[in-house]
Amino acid sequence: MNQHALGGEAASPAEAASSAAEGELGILARRRIEAQIIKPIYEILKRDFGTQRAQAVIAEAIREAAIDSGRQFAEREPDGPSIRSFVALQVLWEKNDALDIDILRSDDTHYDYDVKRCRYAEMYHEMGLGEIGHLLSCARDSVFIEGYDPRVTLERTTTLMQGGPRCDFRYRAAASAADAGQSTSTGNGEAVPSTKAPQR
């Protein structure tokens, strides 16, 4: 039931989206299934065409899939995609304790956070796919958001997958992409959405 326990107030679209996402298969589980399929294909491509060409093929396929996935998620948003609706989806990326993050800023135009532990990276290395883990997971992020909402951009300078100390996600929305929702304060000066800001 999409109502608060007290007062009977209807849930916001972002809260409803987050609740719906909780019932879906988590992204970590999806990536494992995909990786099990991709691994033998990648090995054959390497054998027949070399590592560089094999990785280029994988990168191209993943890019197209990520953009399409972003568009499909956007089509499910009743009020259209936004930073807030994007944050509400992040429960899918968090499932199964997939990420340990620190949220630095979350409001109508920004979603900034650092990933301190990434089970995606750990999984790909355990599966023997560490050399293309960045293609199977990290490279999706900027193109997923491109498909989801082209007004939002991602800047990231380092990733755990490729040996960095953290993954520094910095999402920015153009002013016109911000919705009318109000942010609240955490008490330490950080702005957070009125809905729970899940991790990615």
Side-chain angles (χ1 to χ4, degrees), residues 1-31 34 59-96 98-99 101-115 120 136-156 167-186 190-200:
M1 183 172 79
N2 290 328
Q3 290 188 338
H4 297 292
L6 297 177
E9 181 182 350
S12 70
E15 288 174 324
S18 181
S19 178
E22 289 176 358
E24 296 188 33
L25 183 67
I27 300 299
L28 183 65
R30 299 185 198 188
R31 295 292 178 262
E34 293 169 359
E60 182 177 354
I62 293 297
R63 174 180 173 80
E64 293 302 316
I67 290 177
D68 286 344
S69 179
R71 289 171 179 160
Q72 290 170 16
F73 272 98
E75 289 171 358
R76 294 161 53 181
E77 299 294 348
D79 298 322
S82 67
I83 282 280
R84 287 185 182 276
S85 65
F86 176 68
V87 170
L89 288 175
Q90 301 315 298
V91 65
L92 290 172
W93 278 261
E94 303 163 12
K95 278 193 173 182
N96 308 118
L99 298 168
I101 78 167
D102 284 330
I103 297 177
L104 307 176
R105 179 177 178 181
S106 185
D107 54 36
D108 289 341
T109 57
H110 294 75
Y111 185 40
D112 300 346
Y113 62 93
D114 289 341
V115 177
Y120 296 90
L136 300 178
S137 188
C138 308
R140 296 174 184 258
D141 297 320
S142 60
V143 288
F144 176 89
I145 198 63
E146 178 184 336
Y148 184 76
D149 189 342
R151 300 166 299 178
V152 180
T153 58
L154 168 64
E155 180 180 345
R156 186 178 55 206
C167 306
D168 55 341
F169 286 80
R170 304 293 184 265
Y171 287 97
R172 300 286 184 274
S176 60
D179 60 32
Q182 297 298 313
S183 62
T184 59
S185 173
T186 61
E190 293 181 2
V192 298
S194 56
T195 59
K196 177 180 179 289
Q199 310 159 6
R200 179 177 178 82

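All heavy atoms count here, side chains included; hydrogens, waters and symmetry mates do not.
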Notebook entry, point to check: What pairs with A74 under side chain to side chain contact (heavy atoms under 4.5 Å, CB included), at least two apart in sequence or on another chain?
Noted result: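 If we apply the side chain to side chain contact (heavy atoms under 4.5 Å, CB included) test to A74, skipping adjacent residues, the hits are P81, Y148.
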
Check: Taking the side chain from R156 and the backbone from C138, do they hold a donor-acceptor pair closer than 3.5 Å?
Finding: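 Side chain of R156 to backbone of C138, a donor-acceptor pair under 3.5 Å: yes, one is there.
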
Margin query: Any side-chain to backbone donor/acceptor pair from R30 onto L25? Under 3.5 Å, distance only.
Written below: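 At least one qualifying donor-acceptor pair exists.
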
Going from [atom1] on [X] to [atom2] on [Y], what distance comes out if it is rounded to the nearest 0.5 angstrom?
X    : Y    : atom1 : atom2 : value
F73  : L92  : CZ    : CG    : 5.5 Å
I101 : D112 : CD1   : CG    : 11.0 Å
T109 : R84  : OG1   : CZ    : 9.5 Å

Applying side chain to side chain donor-acceptor pair (under 3.5 Å), name anything that partners [X], two or more places apart in sequence or on another chain.
X   : value
R71 : none
D68 : none
E34 : R31, R140
N96 : none

Margin query: What verdict does the side-chain contact (heavy atoms from CB on, under 4.5 Å) test give for Q90 and F86, after you've listed the backbone C-alpha separation in whole Å, the side-chain angles of each residue and the deciding distance to 0.1 Å?
Written below: CA-CA 7 Å; Q90 301 315 298; F86 176 68; 3.3 Å; yes

Check: Is there a side-chain contact between L28 and K95 (heavy atoms, below 4.5 Å)?
Finding: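 In short, these two side chains do not touch, never coming nearer than 4.5 Å.
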
Notebook entry, point to check: Does a side-chain heavy-atom distance below 4.5 Å link R170 with D114?
Noted result: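 Yes, side chains in contact.
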
Note to self: Can you tell me which residue among F169, F144, Y111 is in a side chain to side chain contact (heavy atoms under 4.5 Å, CB included) with L154?
What the structure shows: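 The residue from F169, F144, Y111 that satisfies side chain to side chain contact (heavy atoms under 4.5 Å, CB included) with L154 turns out to be F169.
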
Next item on the list: Go through the steps for D107 and R105 under the test salt bridge (Lys or Arg N to Asp or Glu O under 4.0 Å), then give the verdict.
Entry: CA-CA 7 Å; D107 54 36; R105 179 177 178 181; 2.7 Å; yes

Minimum heavy-atom separation for [X] to [Y], with atom names?
X    : Y    : result
V152 : Y171 : CG1-CD2, 4.1 Å
Y113 : V115 : CE1-CG2, 3.7 Å
Y120 : A98  : CE1-CB, 3.7 Å

Note to self: Using salt bridge (Lys or Arg N to Asp or Glu O under 4.0 Å), reason through E146 and R63 one step at a time and then give a plain yes or no.
What the structure shows: CA-CA 10 Å; E146 178 184 336; R63 174 180 173 80; 3.6 Å; yes

Next item on the list: Show your reasoning for whether side-chain contact (heavy atoms from CB on, under 4.5 Å) applies to R172 and I83.
Entry: CA-CA 8 Å; R172 300 286 184 274; I83 282 280; over 6 Å; no

